[in-house]
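Structure provided below as structure tokens; questions to follow.
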Amino acid sequence: MLTTDEVMAGTKVIMTHAQRQAFLKTSRLGEIFGVAHLLPEIEDVAHKVHEELVRMSLVRDRLRMNIFTFKTQIVLLAWLLYISSSE
């Protein structure tokens with residue numbers, strides 16, 4: 001399912017709004033439709049995409065740390081259950 005900032009481009013490619021604008025800004029298609037000059041500068045779009053990638057990377061790293069912490073807690077819980085059952 002697409003989010004509100006995504007659009008289908010062709011049959012299998014999903015682009016965000018910023019990616020679609022960057023494509024239309026630089027492609028021949030944008031020139032043919034006469035919209036290339038109306039779109040924001042690519043540097044602005046590239047900067048926003050870079051910021052989003054950095055944010056996603058931070059989220060991924062936090063998620064990995066949370067998974068590691070969760071696995072560690074499960075191991076400690078299993079160990080405590082083992083010790084308490086042997087007494």
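The structure displayed is predicted, hence computed values, not measured ones.
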*For Ile67, all residues meeting side chain to side chain contact (heavy atoms under 4.5 Å, CB included), sequence neighbours excluded*: Leu63, Lys71

_Taking transitive links into account, so neighbours of neighbours count too, which hydrophobic residues share a cluster with Phe68 at under 4.5 Å side-chain distance?_
Met65

*Who are the side-chain hydrogen bond (donor to acceptor under 3.5 Å, both in side chains) partners of Arg62, not counting sequence neighbours?*
none

*Could you list who else is in Phe70's hydrophobic cluster, with ILVMFWY side chains joined at under 4.5 Å, directly or through other members?*
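Grouped by the 4.5 Å side-chain rule, Ile74 form the rest of the cluster around Phe70.
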
*For Leu81, which fellow cluster members are found when Ile, Leu, Val, Met, Phe, Trp and Tyr are connected by side-chain heavy-atom distances below 4.5 angstrom, either directly or through intermediates?*
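Same cluster as Leu81: Leu77.
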
*State which residues pass side chain to side chain contact (heavy atoms under 4.5 Å, CB included) with Asp61; sequence neighbours excluded, sorted by chain then number.*
Ser57, Arg64

